[in-house]
Undergrad: 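Questions regarding the structure given below will be posed in turn.
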Amino acid sequence: MDEFIRILESKIPRKVWELWFSTLKLDSIDHEAKEVKLIVSNLFIKEWLERKYGKIIQKSVNQVFGKEYSYSINFETMNLDSQIERSNENPEPLVKKRPLILSNLNNEYTFENFVYGDENEFAYNVALEVAKRPGTYNPLFLTGDVGLGKTHLMQAIGHCIINSMPEVRVLYTTSEAFANELIKAFKENNPTLFREKYRRKVDVLLIDDIQFLIGKNGIQTELFHTMNELLDQQKQIVICSDRPLAELKKFQDRLISRFQMGLFVKINPPELSTRKLIVRKFSERYGVNIREEVLNYIAQNIEGSVRRLKGAVMKLLAQQKFSKSPVNLSEASQLLKELIDPPVSLQPNFRDSLLQLLASNFNVSVDDLLSSSRKKNISFVRMIGMYIAVEYFGYTPQEVGNWFNRGRTTVIHGIKKLKNSRIDDKIISKMILIRNHLSGRFGSSVI
Ligand code: ADP
Ligand code: MG
């Protein structure tokens, strides 16, 4: 019996275990039904474990009890008073102290987990203000491209309100779910229940991905009336959209005028320094051992969507399970190929593409590279180009010399010099990036 808990524990990061699994117990085993019965302290934890760790739990069950066994999780009915007493004596994970708050918010989408730099300080602070004083900016309208954290910030508002004001009813929904529910309500000839839910039983309404309602007139009308009632009662509304403000023209005028009563805030793509912080935060959260140069490589090469930054860390996490030491830069660049920003549209031949990539990555001009200039930085970039062509792609020093209007020995010398010097991580990651772009376009490189 204990073995099961031990095996499961070995598969779960320690922090996660402490937070979510600390109340897990093996209740009994029903050999007839071939079912392992587990028990946790509340419904919230039960649902969370099933959703997030169901597969790992099932695996451990199979490993210990056999292939045919399945599992179920039950929860203890809580006696809140004794729970609180106990938790006062002995600090336990936060979740246990809370009463049964069931929300459909993603637990990771909190203010603490949202990383921002100068580019999003405003958005962050406005969201925080709304969370602390609902009604201040009403409605709050968050816009920004896909994957930049709109849903995250919106749900952070929800979490914060639930935590600080448990009596306030927060409802998160997507506009698609809103639409489907409405259609169903009408089909069943019972819109009253729907209206009751959205207009009476909610204090804070979070509506995600409003762009889904463009062109859906009937649903916009319902949303208009919903918003009207809620705003009249000073209830906070937060709306997200991944379309630029100009596209909002496609909504009904009266709805637009409701949106305009509040505050529009744009979420911007994270800058490089923020991207580094985000990658660090993700790797800490998911227990990924990441080398500094790999972290920089990811932050430098994945711009825009934070979702892709997360994807990169998740890939490293998966890889970590198979290898003992953290991946190096070269392995990382292979592993993350598809996630790295797509190559710029390259020139039709190898030489011109190489020149173009060198120029754009190192801030020099192609003319400089082909000139007789001996300026240190220009010669250095030239050497890098020669190195890439010869060492990565197997062109001869003679050929490469011709490309750069130089002789064969200059190329050999340059490469040797580069090999003997210590090259900065930033430069190496750019070299790898250029190599990947070229091999994506012109076939595989030598290594
Ligand atoms: P959007 O709704 O704008 O498409 P999401 O809120 O779904 O984007 O964000 C995508 C993923 O990236 C989520 O896992 C989210 O937690 C994460 N994320 C986005 N922005 C940030 C940020 N600034 N800091 C930390 N994580 C972020
Ligand atoms: Mg979203």
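Index from 1, following the sequence. Numbering of ligands and ligand atoms starts at 1, following listing order.
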Undergrad: Quick one: which of Glu112, His152, Lys310, Arg307 has a heavy atom closest to atom 7 (O) of ligand 1?
TA: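 Checking each option, the heavy atom nearest atom 7 (O) of ligand 1 is found in Arg307.
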Undergrad: Please determine if Glu108 and Lys310 form a salt bridge, counting it only when a charged side-chain N lies under 4.0 Å from a carboxylate O.
TA: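 Salt bridge: yes.
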Undergrad: Ring centroid separation for Phe186 and Phe194, is it under 6.0 angstrom?
TA: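 No; Phe194 has its ring centre 6.0 Å or more from that of Phe186.
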Undergrad: What is the closest protein heavy atom to atom 12 (O) of ligand 1, and at what distance does it sit?
TA: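 The closest one turns out to be Val306 CG1, 3.5 Å.
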Undergrad: Which heavy atom of the protein is the closest neighbour of atom 26 (N) of ligand 1, given with residue, atom name and distance?
TA: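 It is Phe282 CZ, 3.6 Å.
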Undergrad: List the closest protein heavy-atom neighbour of atom 2 (O) of ligand 1: residue, atom name, distance to the nearest 0.1 Å.
TA: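 Here the nearest protein heavy atom works out to Thr151 OG1, 2.7 Å.
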Undergrad: Considering only heavy atoms of Gly149, which atoms of ligand 1 have at least one such atom less than 4.0 Å away?
TA: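 Those atoms are 1 (P), 3 (O), 5 (P), 6 (O), 8 (O), 9 (O), 19 (C), 20 (N).
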Undergrad: In this structure, is the centre-to-centre distance between the rings of Phe114 and Tyr109 below 6.0 Å?
TA: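 No, they do not, as the ring centres are separated by 6.0 Å or more.
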Undergrad: Find the distance between CG (Asn113) and CG (Leu153) and round it off to the nearest 0.5 Å.
TA: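 That separation rounds to 12.0 Å.
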Undergrad: Establish, for the pair Lys430 and Phe362, whether the NZ or CZ atom is under 6.0 angstrom from the six-membered ring centre and no further than 45 degrees off its axis.
TA: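 Relative to the ring axis of Phe362, which defines the angle, Lys430 lies inside both limits.
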Undergrad: Nearest to atom 4 (O) of ligand 1, what protein heavy atom do you find, and at what distance?
TA: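 Checked against all protein heavy atoms, atom 4 (O) of ligand 1 sits closest to Gly147 N, 2.7 Å.
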Undergrad: Looking at Glu229 and Arg195, is there a salt bridge between them, counting it only when a charged N and a carboxylate O are closer than 4.0 Å?
TA: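 Salt bridge flag = no for Glu229 with Arg195.
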Undergrad: Using a strict cut-off of 4.0 Å, indicate which atoms of ligand 1 neighbour a heavy atom of Val146.
TA: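 Reading through ligand 1 atom by atom, the close ones are 4 (O).
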Undergrad: Does the distance from a Lys or Arg side-chain N to an Asp or Glu carboxylate O, for Glu284 and Arg280, drop under 4.0 Å?
TA: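 Between Arg280 and Glu284 there is no salt bridge, as every charged N stays at least 4.0 Å from the carboxylate O atoms.
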Undergrad: Considering only heavy atoms from C-beta outward, does the side chain of Thr174 approach that of Phe212 to under 4.5 Å?
TA: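 Result no, sub-4.5 Å side-chain heavy-atom pair not found.
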Undergrad: Using a strict 4.0 Å threshold on nitrogen-to-oxygen distance, state whether Lys250 and Glu247 make a salt bridge.
TA: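 A salt bridge is present here (some side-chain N lies under 4.0 Å from a carboxylate O).
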Undergrad: Near the Mg ion (ligand 2), meaning under 2.8 Å, how many protein N/O/S atoms are there?
TA: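 For the Mg ion (ligand 2), protein nitrogen, oxygen or sulfur atoms under 2.8 Å: 1.
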Undergrad: Near Tyr109, which atoms of ligand 1 are under 4.0 Å from a heavy atom of that residue?
TA: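 Contacts of ligand 1 toward Tyr109, numbered from 1: 13 (C), 14 (O), 15 (C), 16 (O).
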Undergrad: Taking only heavy atoms of Asn113 into account, list the atoms of ligand 1 that are under 4.0 Å away from them.
TA: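 Near Asn113, the atoms of ligand 1 are 24 (N), 25 (C), 26 (N).
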Undergrad: Between Phe65 and Tyr71, does the ring centre distance come in under 6.0 Å?
TA: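 Aromatic pair excluded; centres sit 6.0 Å or further apart.
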Undergrad: Flag the pair Arg199 and Glu222 as a salt bridge only when some basic side-chain nitrogen lies within less than 4.0 angstrom of an acidic carboxylate oxygen.
TA: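 Counted as a salt bridge, because a side-chain N and a carboxylate O are separated by less than 4.0 Å.
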Undergrad: Nearest heavy atom to atom 22 (C) of ligand 1: which of Leu277, Leu153, Val115, Asn120 does it belong to?
TA: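 Considering heavy atoms of Leu277, Leu153, Val115, Asn120, the nearest to atom 22 (C) of ligand 1 sits in Val115.
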Undergrad: Side chain or backbone of Tyr116 under 4.0 Å from ligand 1, or both, or neither, by non-hydrogen atoms?
TA: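 Tyr116 to ligand 1: no contact under 4.0 Å from either part.
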